[in-house]
Number of protein chains: 2
Amino acid sequence: MQNILSVIAKTPLFKGLPENQLKEIQRITVSRSYNKGEAIFFEGDECNGFYIIAQGQVKVFKLSFEGKEHILHILGPGEPFGEVPVFSGRPFPANSQSLVKSRLLFLPRAAFIKLITANPSLSLNMFAILSMRLREFTVQIENLSLKEVPGRVASYLLYQSDEQGHHDFVDLRISKKQLASMLGATPETLSRMFAKMSDQGLIEVQGRLIRILDRQRLTTI
Amino acid sequence: MQNILSVIAKTPLFKGLPENQLKEIQRITVSRSYNKGEAIFFEGDECNGFYIIAQGQVKVFKLSFEGKEHILHILGPGEPFGEVPVFSGRPFPANSQSLVKSRLLFLPRAAFIKLITANPSLSLNMFAILSMRLREFTVQIENLSLKEVPGRVASYLLYQSDEQGHHDFVDLRISKKQLASMLGATPETLSRMFAKMSDQGLIEVQGRLIRILDRQRLTTI
DNA sequence: CTGTTTTCTTGATCTAAGTCAAGGCAAAGC
DNA sequence: GCTTTGCCTTGACTTAGATCAAGAAAACAG
């Protein structure tokens with residue numbers, strides 16, 4: 001198990017900060033453990049801090065009135081979440097749940113705001129992260145409203161393969177049910193899309209590993 | 001025509017800042033004019049600054065491969081836009097176009113970063129703005145993927161009536177075609193929904209003015 | 001290893017909403 | 001004034017994807 005300091009040092013949020021600042025951050029963080037399936041916060045909860053993932057995997061999601069779920073983010077080690085309401089001063093806008101056994105670092109609101117006020121380079125990092133989230137949401141909204149399911153699947157695969165640094169395969173790293181929830185579709189539909197795309201020679205599905213056979217054609221869907 | 005300083009002072013991004021900081025911001029801004037329909041920037045353009053609307057109205061939108069347009073925002077006086085890529089150092093993620101004759105303030109990237117580094121309270125104000133917008137996107141995603149068109153129309157009307165400070169009517173202020181685009185639907189479908197909701201005694205449509213007849217029932221759609 | 005639970009796949013059916021088409025209306029321009 | 005252009009509405013038709021259902025394949029717990 002890594003110590004708090006090394007986790008903090010690797011988080012993009014704190015990149016470029018001097019050692020003494022990192023230690024100061026370490027002083028205000030609290031480590032918390034969550035079991036698989038355990039709730040971290042609920043939509044509407046008051047927010048008195050945000051989280052950084054030390055180990056594990058977490059989902060942030062919305063629930064419809066009928067209990068249907070849409071996953072907004074799936075986050076892994078080093079990534080912060082729940083930071084939005086820290087600044088808006090409003091309750092959490094979505095739910096969060098641990099997908100596996102996870103260890104999280106909790107940063108209390110007041111202490112963090114003090115820190116960020118005193119440190120311009122931390123501010124810039126935070127701006128970059130918030131901007132990035134905004135951009136991701138922009139893409140998600142674009143996909144949901146302009147593309148149909150096959151198009152969303154294709155752009156997800158292309159985006160992830162870039163992100164993972166490969167050009168001919170993608171490791172989904174999440175269940176297909178969860179992927180369906182992220183793409184705004186049902187598991188049945190996603191399954192059919194994978195089958196169809198396989199028939200068309202676009203991809204090859206082996207469990208959670210998707211081999212990209214025709215990248216070119218995939219971009220035009 | 002208002003002067004630059006009074007526009008800056010009213011912008012949510014800078015509201016509440018002391019006079020001297022406002023003047024510093026004023027010093028780095030450039031005023032630019034745009035005609036109706038004129039492009040402000042395109043998706044993929046390098047971002048060397050962002051904009052604030054002094055006068056007029058602007059849309060920020062994405063284009064699908066087939067040329068279908070999805071409006072992300074319609075912005076009016078005092079509202080900033082294009083600030084997202086300033087910090088992440090990425091190109092513009094969407095297109096922007098002036099809907100009417102507009103005057104915009106342009107804030108160059110380099111000068112602005114310098115300013116922010118020197119002003120922590122400016123940062124905190126801007127964090128709050130970004131966070132609010134992220135919250136709004138969260139709601140938009142929820143609406144798109146968890147609700148059907150009638151539900152989206154209903155929540156838009158309810159949200160806007162609150163926003164405008166009325167409880168029994170809404171002035172759309174944009175064309176129904178544009179509204180349809182914002183809600184991820186076609187103009188035909190929106191028209192049918194308005195007709196249906198009128199039949200059901202939920203609303204009354206008079207051009208761009210929508211009278212809310214049964215607020216209670218509208219929330220349950 | 002074995003039973004249990006969850007995930008995944010495939011088929012049959014249904015429906016919300018998109019597309020195509022045509023007519024009416026209103027604002028903008030000559 | 002008239003004409004043009006774009007906006008809005010309504011109808012007929014089509015289709016993408018949801019739902020329901022049931023079996024196969026993994027993942028998990030004891």
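Here is how names work: the chains are called A, B, and so on, in the same order as the sequence lines, proteins then strands, and each is numbered from 1.
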Check your understanding: Does the distance from a Lys or Arg side-chain N to an Asp or Glu carboxylate O, for Arg215(B) and Asp162(B), drop under 4.0 Å?
Key -> yes
Check your understanding: Can you check whether Lys68(A) has a side-chain N or O nearer than 4.0 Å to OP1 or OP2 of dA18(D)?
Key -> no
Practice item. Measure the distance from NZ on Lys147(A) to C1' on dA16(D) and round it to the nearest whole Å. Key: 17 Å
Review point. Do the ring centers of Phe50(B) and Phe112(B) come within less than 6.0 Å of each other?
Key: yes
Review point. Contact class for Thr186(A) vs. all strands (heavy atom < 4.0 Å): base, sugar-phosphate, or nothing?
Key: base
Exercise for review: Return the angle between end axes of the helix from dC1(C)-dG30(D) to dG23(C)-dC8(D), with five pairs used per end and rounding to 10°.
Suggested key: 50°
Review point. Is the Phe137(A) ring parallel, tilted or perpendicular to the Phe137(B) ring (thresholds 30°, 60°)?
Key: perpendicular
Review point. Within a strict 4.5 Å, meaning less than it, do heavy atoms of the Val153(B) and Leu157(B) side chains meet?
Key: yes
Check your understanding: Any idea which of dC7(D), dA17(C), dA18(D) is nearest the Ala185(A) side chain?
Key -> dA18(D)
Exercise for review: Have a look at Gly207(B) and say if it touches a base, only the backbone sugar-phosphate, or nothing, with a 4.0 Å heavy-atom cut-off.
Suggested key: nothing
Revision key, fill the gap. Note: for Val205(A) and Glu148(A) on DNA chain C, the residue whose nearest nucleotide lies more 5' is Val205(A)
**Study point:** Atom CD of Glu38(B) with >12 non-hydrogen neighbours under 6.0 angstrom
**Key:** yes
Study note, to complete from the structure: Exactly one candidate in Ile141(B), Leu146(B), Val139(B) meets side chain to side chain contact (heavy atoms under 4.5 Å, CB included) with Asn143(B); the answer is Val139(B)
Exercise for review: Give me the one residue out of Lys59(A), Lys177(A), Lys62(A) that meets side chain to side chain donor-acceptor pair (under 3.5 Å) with Glu69(A).
Suggested key: Lys59(A)
Point to revise | Spacing of Ile210(B) atom CD1 relative to dC8(D) atom P, expressed in whole Å | key: 11 Å
Study note, to complete from the structure: Contact check, residues 187-196 of chain B vs DNA chain D, heavy-atom distance under 4.0 Å, returns Glu188(B), Ser191(B), Arg192(B), Ala195(B)
Point to revise | Distance in angstrom units between Leu99(A) CG and dA27(D) P, rounded | key: 16 Å
Practice item. Please work out whether the ring planes of Tyr51(A) and Tyr34(A) are parallel, tilted or perpendicular, with thresholds of 30° and 60°. Key: perpendicular
Check your understanding: Tell me: CE of Met197(B) to P of dA17(C), nearest whole Å?
Key -> 11 Å
Point to revise | Whole-Å gap separating P (dG17(D)) and CG (Leu144(B)) | key: 14 Å
Exercise for review: Tell me whether the OP1 or OP2 atom of dC7(D) has a side-chain N or O from Lys177(B) closer than 4.0 Å.
Suggested key: yes
Check your understanding: Tell me: CD of Gln206(B) to C1' of dA26(C), nearest whole Å?
Key -> 17 Å
Exercise for review: Starting at atom CG of Leu183(B), determine the distance to atom C1' of dA17(C), rounded to an integer number of angstrom.
Suggested key: 14 Å
Check your understanding: Should Glu83(A) and Arg133(A) count as an ion pair when the cut-off is N to O under 4.0 Å?
Key -> yes
Check your understanding: Separation of Lys36(B) atom NZ from dT5(D) atom P, in whole Å?
Key -> 14 Å
